[in-house]
2 protein chains.
Amino acid sequence: MITLKELAEKLNVSISTVSKSLNGSSEIGEATVSRVKEAAKLYNYKPNRAALNLKNSKTKTIGVIIPNILNHFFAKVLFGIEKESAKLGYNIITCLSNELYAKEANSLELLANGSVDGFIMSIAEETQKENKSDHFKDIINQKIPILMFDRVTDDIDCDKVIMNDFQAAYSATTHLIKEGRKNIVLINNIDDLSVGKLRSKGCFKAIEDAKHYGCNLTELKVPETSELEKEIDLFFKNNKTIDGVISIDNISGVIALNTATKKGYNVPKDLSVIGFSDDNVLPFTSPKLSTVTQHSDAVGEASVQLMIKRLESKESLETVVKTIDFSLNLRETTL
Amino acid sequence: MITLKELAEKLNVSISTVSKSLNGSSEIGEATVSRVKEAAKLYNYKPNRAALNLKNSKTKTIGVIIPNILNHFFAKVLFGIEKESAKLGYNIITCLSNELYAKEANSLELLANGSVDGFIMSIAEETQKENKSDHFKDIINQKIPILMFDRVTDDIDCDKVIMNDFQAAYSATTHLIKEGRKNIVLINNIDDLSVGKLRSKGCFKAIEDAKHYGCNLTELKVPETSELEKEIDLFFKNNKTIDGVISIDNISGVIALNTATKKGYNVPKDLSVIGFSDDNVLPFTSPKLSTVTQHSDAVGEASVQLMIKRLESKESLETVVKTIDFSLNLRETTL
DNA sequence: GTGAAAGCGCTAACAG
DNA sequence: CTGTTAGCGCTTTCAC
């Protein structure tokens with residue numbers, strides 16, 4: 001990598017002349033400017049990032065902390081984050097908390113030393129379960145902004161990008177009621193998460209608001225993903241009159257669908273199934289799973305936009321909460 | 001963020017005394033060292049990353065370029081990369097090429113300015129299709145090491161971590177032959193990729209090596225993912241005697257399985273299906289898909305280990321190619 | 001045992 | 001119009 005100094009020597013001008021020429025300063029004569037620019041191109045000069053970071057006290061880099069990259073929702077949010085950051089001239093440093101508090105806190109701590117200008121993150125399951133938030137406060141006290149998406153906490157006042165989880169669950173449930181379903185099971189693999197609680201509430205509110213339909217909703221909480229198959233199977237055994245399934249996590253919808261099919265239910269004639277997910281491999285089920293579709297990439301894009309707006313704003317802005325819409329994607333497992 | 005200078009002022013010692021104390025230099029008196037360390041802890045001193053990067057001309061950061069984060073294979077490799085980097089004290093800057101040459105080249109270019117010490121990447125589909133490699137050479141000429149995983153090219157001499165694709169396809173095919181299958185279709189959605197070609201060759205070689213079994217293999221190439229469903233359906237229509245499917249990409253196995261089931265095939269009695277993938281949502285098919293399982297996280301881990309070994313080695317090392325094993329995971333779509 | 005000073009690569013205020 | 005210089009935060013050589 002050639003430096004300004006080396007370029008200056010080759011051109012027999014001073015370092016600052018080169019710097020100014022390259023930065024479009026009006027102080028320098030046209031002839032010099034073009035001479036410098038040519039040389040810069042010739043020698044493939046690129047300003048050294050480390051020097052710029054030090055000089056400017058900013059890195060044009062955002063720290064991104066993802067709870068679980070193997071979850072398609074988060075993968076797609078990351079997709080949106082990366083796309084929008086690149087567009088706006090920022091890099092992202094990616095950390096994965098793997099749902100652990102310690103890893104999350106450590107990542108924040110490690111990057112809060114001038115490595116990044118701000119954080120975009122979704123809270124780890126363990127952190128939510130144990131209700132920890134001091135590590136967030138430490139970072140914010142250091143004047144490094146945090147933006148939380150999807151899984152957020154009221155304990156922290158910061159920018160947030162969330163899904164309309166309550167409403168999404170509400171309208172999925174309402175759809176099943178309107179289909180004439182009477183015995184719906186709500187399968188909940190994510191009761192520890194803020195979004196899980198919201199979705200659950202949305203389902204029950206829909207039932208309540210339509211109680212004249214006489215529809216009944218049972219919640220099946222399965223904390224352990226590995227138990228899902230067994231628990232769902234058991235539930236079907238003990239509840240022969242079930243005619244609707246709403247799964248509010250990423251995966252139990254598929255399992256419920258497969259279980260029901262194996263047991264001889266005719267889906268969607270005898271039984272409707274609605275899952276929660278972005279468009280992903282789930283629609284490759286047969287019949288194709290109807291889902292509440294999260295616009296995950298939009299979550300990522302909005303997060304980046306808000307964060308960069310804050311980073312580049314002169315004044316200190318009020319924190320904002322942005323809600324991203326969902327859509328109900330009826331495929332083949334609903335009427 | 002408190003700086004060395006500020007700490008020094010508070011302690012009434014010089015900057016270099018503070019620096020040396022904190023870095024465990026033997027030059028400084030014990031009393032001073034502990035006084036300094038206490039103060040550092042008290043004020044939560046953290047060395048400024050940008051300054052260190054500039055001083056050391058290295059960043060302890062690796063640039064990672066992923067073709068498609070929505071592909072579970074790559075998500076899991078990223079998982080492995082992040083885990084191992086964190087363990088070894090490195091950060092990763094993640095870029096997504098989205099299978100595009102321009103984005104890939106741009107990411108390399110942008111980060112090759114002191115932002116990262118090296119690159120770990122898998123080649124974009126477009127880059128492989130058009131056989132481009134000058135952008136890699138540029139980076140390597142700048143003395144920034146590149147490590148390629150999974151999708152690699154012979155045109156570039158660099159560290160590589162690959163799957164044993166030929167062997168994996170070979171043994172999957174051999175399994176079908178041993179089951180007594182006579183008419184196998186090889187569904188190939190990734191013929192443009194180096195790994196697609198390797199897997200295809202592996203299948204044909206297995207057939208050839210076992211030709212006394214009289215097994216026949218037809219290759220169905222479907223370049224467009226969106227056409228898979230239609231093409232597979234058509235193929236089954238025109239080939240009634242098919243009794244084995246080997247899908248060498250991430251997804252066509254599921255589609256083939258669903259198509260076959262819908263057409264009334266009894267899987268695995270009439271027809272065996274083997275897919276390629278890491279353990280992911282594919283096994284949630286019903287019956288559960290048998291797959292060639294890639295140990296994707298091991299790919300990520302090995303990549304990081306090799307890269308860091310190179311970055312931290314004093315001498316210049318020979319380039320190495322490491323092969324990661326696969327395993328044949330027979331579930332319910334094979335006998 | 002401690003401190004002064006140079007320098008990593010860059011920008012910008014100031015001088016000429 | 002161009003050059004000199006200070007300084008971002010840190011490490012390290014060299015003086016004292």
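Letters A, B, ... are given to chains in the order of the sequence lines, protein chains preceding strands, and every chain is numbered from 1.
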* Distance check: side-chain N/O of B:T17 vs OP1/OP2 of C:dT2, anything under 4.0 Å? -> no
Measure from [atom1] on [X] to [atom2] on [N] and round the result to the nearest Å.
| X | N | atom1 | atom2 | answer |
| --- | --- | --- | --- | --- |
| B:E9 | C:dG3 | CD | P | 13 Å |
| A:L7 | C:dG9 | CG | P | 13 Å |
| B:I28 | D:dT11 | CD1 | P | 13 Å |
| B:I15 | D:dT13 | CD1 | P | 17 Å |
| A:N53 | D:dC10 | CG | P | 14 Å |
| B:L54 | C:dT11 | CG | P | 12 Å |
| A:K5 | C:dT11 | NZ | P | 15 Å |
| B:N48 | D:dC10 | CG | C1' | 8 Å |

* Please name the residue in the list B:V64, B:I65, B:T94 that meets the side chain to side chain contact (heavy atoms under 4.5 Å, CB included) test with B:S107. => B:I65
* Asked: Step by step, would you call B:D159 with B:R310 a salt bridge (charged side-chain N to carboxylate O under 4.0 Å, His left out)?
  -> CA-CA 9 Å; B:D159 289 343; B:R310 176 170 299 281; 2.8 Å; yes
* Do other residues, nucleotides or ligands put more than 12 heavy atoms under 6.0 Å from B:K137 NZ? -> yes
Counting the atoms with a prime plus P, OP1 and OP2 as sugar-phosphate, which does [X] contact under 4.0 Å by heavy atoms, base, sugar-phosphate, or nothing?
| X | answer |
| --- | --- |
| B:N23 | sugar-phosphate |
| B:S19 | base |
| A:L52 | sugar-phosphate |
| A:T32 | sugar-phosphate |
| B:S16 | base |

* Structure fact -> Looking only at D:dT11, C:dT11, C:dG3, the nucleotide nearest the B:L4 side chain is D:dT11
* **Donor-acceptor pair under 3.5 Å, B:K58 side chain vs D:dT11 base** => no
* Asked: Would you say the side chain of B:K20 and the base of C:dG3 hold a donor-acceptor pair, judged only by whether the two atoms sit under 3.5 Å apart?
  -> yes
* Asked: Is it the case that B:S194 and B:Q128 place a side-chain donor and acceptor less than 3.5 Å from each other?
  -> yes
* Asked: Name the one of A:K322, A:E84, A:K87 that satisfies side-chain hydrogen bond (donor to acceptor under 3.5 Å, both in side chains) with A:Q305?
  -> A:E84
